[in-house]
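Encoded as structure tokens, the structure appears first; notes follow it.
Owing to the predicted nature of the structure, the values given are computational and were not obtained by experimental measurement.
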Amino acid sequence: MSITQKNGGDPEAPPATSENEELGAAGAQLSTQPTDTLAQTPGLGVIGWLRWMWRQLTSMRVALILLFLLSLAAIPGSLIPQHSDQLKVDAFKQKHPTITPLYERLGMFHVYSSPWFSAIYILLFVSLAGCIVPRTWQFVGQLRSKPPAAPRNLTRLPAYSTWHTDATPEQVTAAAERALRGRRFRTSTSGSSVAGEKGYLREAGNLLFHVALFGLLIAFAATSLEGASGGKLIVEGDGFTNNPTQYDDFNGGTLYGKDDLKPFGFNLDSFDAAYATSGPERGSARMFRANIHYWNGADGKPVKGSISVNHPLSIGGEKVYLISHGYAPVVTVRDGQGNVAFHGPVPFLPQDNNGTATGVVKVPDALGKDGKPDELGFTGFFTPTGDTALGPRSVFPALDHPILWLSAFHGDLGIDSGIAQNVYQLDTTHMKQLDIGSKSGMRGDALTPGGRIVLPDGRGTLTFDGVKTWASFTVSHQAGNDWALFSGAAAILGLMGSLFIQRRRIWVRAVPSEGGDTLVEMGGLGRSESARIADELGDVALQLQPDAPAKPDPGDPADDGLPDDSAPQPADEGARA
């Protein structure tokens, strides 16, 4: 008994086309992958062209091309600020005024809702749907059908074995059916042959992978339609309530708006930050954590919690993410009448990794020495660890030596002009700069905590009282997250099944021979040529030996002790005895 496996390098192997034609139904339907018709020309007429276009759209090649295009289209959304963070968009537009008009025409500031991204998304959606449905019906049909009958010539199969036995054909087929079923093959007996098929989970894995991709697209669509996010900057000691008026910016979805916000809130009690103090990574962040008290529902009790980077807090089904943090100098401004015109922390926005930040103080209610309105404005820098000899530049992000660098203006802030203003920028168009004596060389002054600026002409004073920490949060509602996670896990499982499970068939034929005994033939066929089908065929053949023992071949070298020089055993044919 010998088992031979053929490979593509066998010079005696027939061409694949003639072999498939010879095998007929036995070699067909090992896969549910649709035939690629991209190179085929359509028939004449509108119906022919429409049918051809539909086949191309639902082909695997076009689906992969669309998936690749979708991944490329998503790149600008990760590199260019999106409308969900309007502050970054405004900063980008101000920094790149030349290219901004082009980006606006192309929709680069709202990539995921742009027409071109939506077109790719919808085409991929239709392509997957048109691919999955016919493959599913074809696979169901394969599951309901019997394994195909044995081909006429088993010797043309990639793996083949034969021997003679004294067992009757009925005994051999019965034993073969038991052996194949014991190995979880689906079997079908037809006359003197038994057909077995195994590895259906490979096609199930393929379908699961495609269905999972389809599910991911649905999850992304649900997130876009029902997703919403809003940002809020909170100074230490202040709180937030989840309603539209509390957000600095809010972007709702088509199916989720401001009226759908869940009732919850939280207070920022303190903020913990740690940095490397030595070595090449000096100044790099080691820990950011916002310590809060939060409540869920209108009558919810406050619960202590924390939010850190990559560890959001789930409140009422929404996720609260920690985005950034910085410092808010606490200042007191007295006007020319000696009244407190402004008091409180003013968030300054960081500009580098060492915490150098810029900000403004606007005092619209100030009165001059004569009692008339005289609006005041201050702009400058804050350095958590600064040095007056180095100028307004921080050398370390921790709050080791805070310095507030300010320039003063008076006049009209433009708040009552009806034009929206950025709270972090000062419009000095209708204002005049005041000379407050300079330590920085910028007609400004540098203050440490407790320091004070006296404005000229009796316009008032500004006192630097201290520093608080602020943190920026994003509240996110994403309806498709769980479904996307489930679909992603299913896609991985389906891909593993399609890669590691092999679809294969084995046939056993037993017919009376001219010598009065029974000739047993076995053949194996798999989707791809590998040693696995030959090994499995050999295992089944050995399992049949107790019921259909091989008769010694009169020309077997075991009978005369001489080597068998007539049996071809080239190494590249993978022959094994």
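For Ile501, the side chain to side chain contact (heavy atoms under 4.5 Å, CB included) partners are Leu201, Arg202, not counting sequence neighbours. Legend: residues meeting ring pair (Phe, Tyr, Trp, His ring centres under 6.0 Å) with Phe185, ordered by chain and number and at least two apart, are absent. Residues satisfying the side chain to side chain donor-acceptor pair (under 3.5 Å) criterion with Thr100, sequence neighbours excluded, are absent altogether. For Arg186, the side chain to side chain donor-acceptor pair (under 3.5 Å) test picks out Tyr200, with sequence neighbours left out. The side chain to side chain contact (heavy atoms under 4.5 Å, CB included) test applied to Leu499 returns Leu495, not counting sequence neighbours. Applying the ring pair (Phe, Tyr, Trp, His ring centres under 6.0 Å) test to Phe250 and every residue at least two apart in sequence or in another chain returns Tyr247. A search for side chain to side chain donor-acceptor pair (under 3.5 Å) contacts involving Asn291 returns Ser270, Asp272, Arg289, not counting sequence neighbours. Looking at residues two or more places apart in sequence or on another chain, you find a side chain to side chain contact (heavy atoms under 4.5 Å, CB included) between Val111 and Pro76, Gln82, Met108, Trp116, Phe117. Applying the ring pair (Phe, Tyr, Trp, His ring centres under 6.0 Å) criterion to His110, with sequence neighbours excluded, gives no partner residue. Residues that satisfy the side chain to side chain donor-acceptor pair (under 3.5 Å) test with Arg286, not counting sequence neighbours, are Glu281, Ser284. Val309 is linked by a side chain to side chain contact (heavy atoms under 4.5 Å, CB included) to Phe288, Leu322, counting only residues two or more places apart in sequence or in another chain.
Between Arg503 and Glu203 the shortest side-chain heavy-atom distance falls below 4.5 Å. Side-chain atoms of Met522 and Ile506, non-hydrogen and from C-beta on, do get closer than 4.5 Å to each other. At a threshold of 4.5 Å between non-hydrogen side-chain atoms, the residues Met496 and Ile492 count as touching. For the pair Ile307/Tyr321, no side-chain contact is recorded, criterion being any heavy-atom separation below 4.5 Å from C-beta on. You'll find the side chain of Pro148 reaches within 4.5 Å of the side chain of Arg505, heavy atoms only. Looking at Trp54 and Val126, their side chains come closer than 4.5 Å, going by heavy atoms from C-beta outward. Contact check for Gln171 versus Thr165: no side-chain heavy atoms found under the 4.5 Å cut-off.
Once rounded to the nearest 0.5 Å, the distance linking NE2 of His210 with CG of Asn206 reads 6.5 Å. With rounding to the nearest 0.5 Å, the separation of CZ in Phe486 from CG in Leu216 is 11.0 Å. Distance check, rounded to the nearest 0.5 Å: CZ of Phe139 to CD of Gln142 gives 7.0 Å. Note that the CG atom of Leu123 and the CG atom of Leu128 stand 11.0 Å from one another [nearest 0.5 Å]. Rounded to the nearest 0.5 Å, atoms CG (Leu544) and OG1 (Thr173) are 10.5 Å apart. Atoms OG and CD, on Ser229 and Gln478 in that order, are 8.0 Å from each other to the nearest 0.5 Å.
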Indicate every side-chain donor-acceptor pair of residues 255-264 with a distance under 3.5 Å to a residue at least two apart or in another chain.
unit_1	atom_1	unit_2	atom_2	d
Tyr256	OH	Asp260	O	3.0
Tyr256	OH	Glu318	OE2	2.7
Asp260	OD2	Gly257	N	3.0

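Closest approach of Ser513 and Thr518 over heavy atoms only: OG-N, 4.2 Å. Of all heavy-atom pairs spanning Phe209 and Ala491, the tightest one is CD1-O, 3.4 Å. Here the closest heavy-atom approach between residue Ala167 and residue Val172 is recorded as CB-CG2, 4.1 Å. In terms of heavy atoms, Ala175 sits closest to Asp547 at CB-CB, 3.6 Å. When all heavy atoms are compared, the tightest approach of Ile75 to Ser78 is O-OG, 2.8 Å. Nearest heavy atom pair, residue Ile120 against residue Ala73, reads CD1-CB, 4.2 Å.
Ring geometry for Phe109 against Tyr103 counts as perpendicular: the plane angle is over 60°, on a 0 to 90° scale with 30° as the lower cut.
In this structure, the side chain of Thr223 engages the main chain of Ala219 through a donor-acceptor pair within 3.5 Å. Not a single donor-acceptor pair under 3.5 Å links the side chain of Arg61 to the backbone N or O of Ser59. Of the possible donor and acceptor atoms, one in the side chain of Gln545 sits under 3.5 Å from a partner among the backbone N and O of Ala550. When atom types are taken as modelled, the side chain of Ser127 and the backbone of Leu57 share a donor-acceptor pair closer than 3.5 angstrom. With Trp163 contributing its side chain and Val520 its backbone, the two residues share no donor-acceptor pair below 3.5 Å. Listed for the Trp507 side chain is no donor-acceptor partner under 3.5 Å among the backbone atoms of Leu525. One N or O on the side chain of Arg509 and one on the backbone of Arg152 form a donor-acceptor pair closer than 3.5 Å.
Other residues, nucleotides and ligands contribute over 12 non-hydrogen atoms within 6.0 Å of the NZ atom of Lys93.
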Does the pair Arg135 and Leu207 meet the rule for a side-chain contact (heavy atoms from CB on, under 4.5 Å), with working shown?
CA-CA 8 Å; Arg135 290 188 69 165; Leu207 289 174; 3.6 Å; yes
Could you walk me through whether Asn242 and Ile315 pass the side-chain contact (heavy atoms from CB on, under 4.5 Å) test, one step at a time?
CA-CA 10 Å; Asn242 192 33; Ile315 309 176; over 6 Å; no
